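Since we're looking at a predicted model, the values are computed, not measured. Side chains are part of it too, since the values below use all heavy atoms of this structure and drop only hydrogens, waters and symmetry mates. Throughout, residue positions are numbered sequentially from 1 according to the sequence presented. Order of appearance sets the numbers: ligands from 1, and atoms from 1 within every ligand.
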Amino acid sequence: MKLSDHFKPLPWDVVAFGMPCYELADVSPEVLEYAKNTPGHYTVKINPLAAKGELHANGFYYCDSLIEPHCSRERFVSHGNPAVRLARDVPFEVVVDLCDGAFFYGRFHRDFNMARESADTRYKNWLKQFHDSGDVISVFYEQELAAFFCVSDNRLMLHAVTGKLQGKGLAKYFWSVVCNDLFQAGHKELTSSVSSTNLAVVNLYASLGFRFRNALDIYHLFVG
Ligand SMILES: CC(C)(COP(=O)(O)OP(=O)(O)OC[C@H]1O[C@@H](n2cnc3c(N)ncnc32)[C@H](O)[C@@H]1OP(=O)(O)O)[C@@H](O)C(=O)NCCC(=O)NCCS
């Protein structure tokens, strides 16, 4: 196998950050050595119990831990609210406004080598991709755009509540209407991926009956 086979290119991150971006397929000494000596940004997703000494020795630094919320139709705890409704036809220019300053826990937002605006751009570009393929569900609360959800089959990939409505205990109503819609579409299980440090979203998923699995530590390396 060629060395390049161990580096998975991340074209959407290249657009957001203007530099070569890769995820490492493994952390063998040759791969770490090559990364350390080649300009770009590198991501490693690794079992939290794996040895990390070689990563640190080669300049990698800890950025985040991801966990996978998952819930079956049977376990799901729905919270109804008559003021909440779902829509699929909200223009991108309107939905994208919810991204500004909304994300604090993204791994690129926590990476001290990366510009916050570029990390926001990464989310906006990602949202655009989902919007172009018709996979964005919006939620209104009393006629106001309250939240968006990017979905891929049974997975809630990217989601946010508008800043004005955050922290008011409303998110469980927004999530309920979307999760119910996905279960009604035939999915038997819903999943997501969130930072374990984002306690609001962890508590939110817990209150909806989700459990958590597949923890991963995220390490980054920036070589200028
Ligand atoms: C994360 C997010 C979706 C949560 O929505 P929210 O409207 O702020 O959350 P709520 O006020 O409904 O709170 C959700 C639960 O977390 C708890 N909670 C809220 N803030 C908390 C905090 N800072 N620490 C711990 N728990 C918190 C609440 O008590 C609530 O639980 P309850 O309903 O059992 O009382 C929202 O803050 C958001 O969109 N953030 C920016 C984008 C983001 O981080 N998205 C998730 C990753 S893709």
Does L170 reach ligand 1, in the sense of a heavy atom lying below 4.0 Å from it?
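For ligand 1, residue contact (heavy atoms, under 4.0 Å) with L170 is present.
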So which atom in C99 and which in L127 form the shortest heavy-atom distance, rounded to 0.1 Å?
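Shortest heavy-atom separation between C99 and L127 comes out as SG-CD2, 3.8 Å.
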Looking only at heavy atoms, what is the nearest atom pair of C71 and G209, with distance?
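What the structure gives for the nearest pair is SG-O, 3.6 Å.
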Is there any N or O on [X] that sits under 3.5 Å from an N or O of ligand 1?
| X | result |
| --- | --- |
| G167 | yes |
| N198 | yes |
| A171 | yes |

Do me a favour and list the nearest non-hydrogen protein atom to [atom] with residue, atom name and distance?
| atom | value |
| --- | --- |
| atom 39 (O) of ligand 1 | V161 N, 2.7 Å |
| atom 35 (O) of ligand 1 | K172 NZ, 5.0 Å |
| atom 40 (N) of ligand 1 | Q166 NE2, 3.5 Å |
| atom 4 (C) of ligand 1 | A200 CB, 4.0 Å |
| atom 17 (C) of ligand 1 | N203 CB, 3.8 Å |
| atom 45 (N) of ligand 1 | H159 O, 2.9 Å |

Between D132 and K128 (salt bridge meaning N to carboxylate O under 4.0 Å), is one present in this structure?
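Here D132 pairs with K128 in a salt bridge, since their nearest N and O are under 4.0 Å apart.
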Under-4.0 Å salt bridge between R107 and E23
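So R107 does not pair with E23 through a salt bridge.
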For atom 10 (P) of ligand 1, which candidate among S195, S192, G169 holds the nearest heavy atom?
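The option holding the nearest heavy atom is G169.
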Enumerate the ring-ring contact (aromatic ring centres under 6.0 Å, His included) contacts for residues 10-37, please, sequence neighbours excluded, ordered by first and then second residue.
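Checked against ring-ring contact (aromatic ring centres under 6.0 Å, His included) - neighbours excluded - the pairs reaching residues 10-37 are F7-Y22, F7-Y34, F17-F108, Y22-Y42.
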What class does the angle between the rings of W126 and Y123 fall in, given that below 30° is parallel, 30 to 60° is tilted and above 60° is perpendicular?
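Answer is parallel, since the angle falls under 30°.
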Under 4.0 Å, heavy atoms only, figure out whether ligand 1 is touched by the backbone of F103, its side chain, both or neither.
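Looking at F103 and ligand 1, just side chain atoms fall under 4.0 Å.
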Backbone N/O of R155 and side chain of D153: donor-acceptor pair under 3.5 Å:
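Checked: no pair found.
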Pairwise side-chain hydrogen bond (donor to acceptor under 3.5 Å, both in side chains) hits with a residue in residues 136-147, at least two apart
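Counting only pairs at least two positions apart or across chains, the side-chain hydrogen bond (donor to acceptor under 3.5 Å, both in side chains) contacts touching residues 136-147 are E144-K164.
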